[in-house]
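Protein chains get the first letters and strands the later ones, always in sequence-line order, with residue 1 at the start of each.
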There are 2 protein chains.
Amino acid sequence: MSRSNPRVLNTLERAGGFASAQEVYHLMQRAGESIGLTTVYRSLQSLADDKIVDVLRRDDGESIYRLCGDAHHHHLVCKGCGDAIEIPGGAIEKWAKTMAEEHGFRDVGHSAEIYGLCRKC
Amino acid sequence: MSRSNPRVLNTLERAGGFASAQEVYHLMQRAGESIGLTTVYRSLQSLADDKIVDVLRRDDGESIYRLCGDAHHHHLVCKGCGDAIEIPGGAIEKWAKTMAEEHGFRDVGHSAEIYGLCRKC
DNA sequence: ATGGAAATGAAAATCATTTTCATTTGTGCT
DNA sequence: AGCACAAATGAAAATGATTTTCATTTCCAT
Ligand SMILES: [Zn+2]
Ligand SMILES: [Zn+2]
Ligand SMILES: [Zn+2]
Ligand SMILES: [Zn+2]
């Protein structure tokens, strides 16, 4: 079922942090690798479906992807340089569960991100 | 400074919950009101700037707006019917502040949402 | 080698949102 | 009323990421 091109995953690894489909595509171009934008999109989507990469959406609407560990975590994102730090959810894990139960929700997940300016910015 | 067309706000009121710019536009069309899509966009944006409406982004990337009280809050969203309930942030507020300070971030904000299936779905 | 399935990618299509810009509307002044 | 000037409007074009189409290429099992 793996529709993902391994070179895409490899490039995302090299990218080190978050990268959009367009960025991955250009990285591969600059590296002299021949690939189509379509395949990059398909691969990233597949990786996301398989929970191998993390998907976030930037304010400008562009989706960004990043390899992520299997542990549940959240992000502290810099509005300036775009750097993202993985952080533990701590107290909000219980908060989410409590809130959901309180309103009779099941099959519950949550998202939480913190935005700010890092020291460098 | 109000660049917002009052009829747009009025329509969002009638909509009752979240609505996208496109949806507001079509609601107004169906109601026989003459307005341009551009004005709808401009008005919603202005309302968002003025913190009069709440902006969320759907998974498909479309921005949705809703009238909201002035109090800071979060959302419990049903993946089935799209219903959203306003909930207090509780533990999150301190979590965000602590995490940000710990990493030297300033000018900090946060977003947090809980997704699940409501009783009806 | 042969046939069919899966993968690929160039080009076109989609679609929300933004930008442009010419026109209309509103407001104050004479 | 007549005029000037700013703000608001909206049609049409531009933007830009993502998706779809579809013809071609690559894989793989027989
Ligand atoms: Zn930074
Ligand atoms: Zn969490
Ligand atoms: Zn529901
Ligand atoms: Zn909060």
- Between P of D/dA8 and CG of B/L44, the distance in whole Å: 16 Å
- Message: Does the protein touch nucleotides 15-20 of chain C at the base, only the backbone, or not at all? Give it as B, S and - per nucleotide, heavy atoms under 4.0 Å.
- Response: -SBBB-
Could you run down the sub-3.5 Å N/O contacts of the protein with nucleotides 22-27 of chain C?
none

- Message: Just the rounded figure in Å: distance from C1' of C/dA7 to CD1 of A/I35.
- Response: 11 Å
- Atom CG in B/L12, atom CG in B/L27: separation rounded to 0.5 Å? 9.5 Å
- Sorted by chain and residue number, the salt bridge (Lys or Arg N to Asp or Glu O under 4.0 Å) partners of A/E23 (sequence neighbours excluded) come out as A/R58
- Donor-acceptor pair between A/E62 and A/S20 side chains, under 3.5 angstrom: yes
Every protein N/O within reach of nucleotides 24-26 of chain D N/O, cut-off under 3.5 Å:
none

- Check the side chains of B/H110 and B/H72 for a donor-acceptor pair under 3.5 angstrom, ignoring hydrogens and angles. yes
- Message: Below the 4.0 Å mark, does D/dT9 have OP1 or OP2 next to a side-chain nitrogen or oxygen of B/T39?
- Response: no
- Item | Closest contact, heavy atoms only, B/A91 versus A/A91 | CB-CB, 3.7 Å
- Are any side-chain N or O atoms of A/D50 and backbone N or O atoms of A/I52, one a donor and one an acceptor, separated by less than 3.5 Å? no
- Query: So, A/Y41 and A/Q22: side-chain donor and acceptor under 3.5 Å apart, yes or no?
  - Reply: yes
- Message: Can you identify which nucleotide, out of C/dT8, C/dG9, D/dG10, has its nearest atom closest to the A/N5 side chain?
- Response: C/dT8
- Message: If I compare all heavy atoms of B/L37 with all of B/A21, which pair ends up nearest, and what's the gap?
- Response: CD1-O, 4.4 Å
- Item | Gap between atoms CZ and P, on A/R7 and C/dT8 respectively (whole Å) | 8 Å
- Task: Please report the shortest heavy-atom distance between A/C78 and A/C118, naming the atom on each side.
- Result: SG-N, 3.4 Å
- For A/D107, what residues pass the salt bridge (Lys or Arg N to Asp or Glu O under 4.0 Å) criterion, not counting sequence neighbours? B/K79
- Message: On the nucleotide C/dA6, are OP1 or OP2 found under 4.0 Å from the side-chain N or O atoms that A/R3 carries?
- Response: no
- Task: Sorted by first residue and then second, give each salt bridge (charged side-chain N to carboxylate O under 4.0 Å, His left out) pair with at least one member in residues 85-94 of chain A; sequence neighbours left out.
- Result: A/R66-A/E86
- Query: Base, sugar-phosphate alone, or nothing: which one does B/S43 contact when heavy atoms must sit under 4.0 Å apart?
  - Reply: nothing
